[in-house]
Amino acid sequence: MYILRANFSFLEICYINSTVPNMLANFLSESSTISFSGCFLQFYFFFSMGTTETFFLSVMAFDRYLAICKPLHYPTIMTVQNCCRMGASCWACGFLCFLLPVYVVSQLPFCCANKIDHFLCDPGPLIKLSCEPAPGTEIICAIYNSVLIFSTFLFITSSYTLVIKAVLRVPSAEG
């Protein structure tokens, strides 16, 4: 559990560092510009870390499920090696999953004023900067993000539902 928490804490530090320096630089300078490559780099890292965070929350929910619902099996299932594997899988999947949306958005032709009124390079404003309408790209990004968000949400919800059921099954005198 502490391996997962340490990774999650490090992830939060990195997550904040992907946007806050640019935001502070924009507040302190007169010109708040970012290059296309810098924008896509920030876009990739910000959303990859967000994806990694959802995976870590899912793994941590699974960890709590095992600790509460299967306490005798917990030490044999959640070994240090398995925690490290799950943590590495969260990092790898989080950074690999968001390659497709970044690639799809980066292939759009950009020819507008190239100004975004945000300190964060978000896919919505980036798609609006495109010279031609891109409903396919918007649909791909929406479906991709929806599947990712809802699948991890359902996993976390089902894990904690099983935990609540296990706690409620304990007789009150023993509870």
Side-chain angles (χ1 to χ4, degrees), residues 1-20 39-107 118-127 134-172 174-175:
M1 179 175 74
Y2 294 112
I3 293 170
L4 297 175
R5 284 188 182 176
N7 274 285
F8 192 73
S9 298
F10 179 70
L11 172 67
E12 288 299 316
I13 291 168
C14 294
Y15 194 50
I16 293 300
N17 285 329
S18 69
T19 56
V20 171
C39 184
F40 279 105
L41 196 62
Q42 183 191 50
F43 171 43
Y44 173 70
F45 277 106
F46 183 75
F47 286 99
S48 294
M49 286 187 232
T51 304
T52 304
E53 183 175 4
T54 61
F55 290 147
F56 265 112
L57 290 172
S58 299
V59 168
M60 291 169 82
F62 177 68
D63 177 64
R64 293 299 82 208
Y65 160 75
L66 285 177
I68 294 170
C69 296
K70 301 188 183 285
L72 297 177
H73 295 289
Y74 181 78
T76 58
I77 296 172
M78 290 301 284
T79 61
V80 172
Q81 293 85 8
N82 281 344
C83 279
C84 290
R85 276 190 213 115
M86 284 192 270
S89 297
C90 288
W91 283 102
C93 291
F95 278 86
L96 289 175
C97 279
F98 226 81
L99 284 173
L100 178 68
V102 171
Y103 175 76
V104 169
V105 173
S106 70
Q107 295 306 305
H118 303 283
F119 62 90
L120 173 67
C121 291
D122 208 18
L126 277 175
I127 292 171
T137 304
E138 290 180 22
I139 290 171
I140 288 171
C141 288
I143 289 172
Y144 196 80
N145 291 335
S146 297
V147 167
L148 183 70
I149 290 168
F150 287 121
S151 62
T152 54
F153 174 75
L154 288 174
F155 185 82
I156 292 168
T157 305
S158 61
S159 293
Y160 283 113
T161 301
L162 292 172
V163 167
I164 290 170
K165 281 177 59 176
V167 169
L168 291 177
R169 268 191 264 137
V170 174
S172 62
E174 292 177 14

Distance, nearest 0.5 Å, that separates [atom1] of [X] from [atom2] of [Y]:
X	Y	atom1	atom2	result
I149	T152	CD1	OG1	7.0 Å
L148	I143	CG	CD1	13.5 Å
T51	N145	OG1	CG	7.0 Å
L57	T52	CG	OG1	11.0 Å
I77	C83	CD1	SG	11.5 Å
M49	Y44	CE	OH	9.5 Å

Kindly write out the residues that satisfy ring-ring contact (aromatic ring centres under 6.0 Å, His included) with Y15, not counting sequence neighbours, or none if the list is empty.
-> F46
Minimum side-chain heavy-atom gap Y74-D63 below 4.5 Å | yes
Over all atoms of both residues, closest heavy-atom pair of C69 and P71 = C-CD, 3.4 Å
Any idea which heavy atoms bring M60 and L4 closest together, and the distance?
-> CG-CB, 4.1 Å
Please tabulate, one pair per line, all N/O donor-acceptor pairs under 3.5 Å involving side-chain atoms of residues 86-106, not counting sequence neighbours.
from, atom 1, to, atom 2, distance (Å)
S89, OG, R85, O, 2.8
W91, NE1, N7, OD1, 3.0
S106, OG, V102, O, 3.2
S106, OG, Y103, O, 2.8

Exam field: side chain T79 to backbone T76, donor-acceptor pair closer than 3.5 Å = no
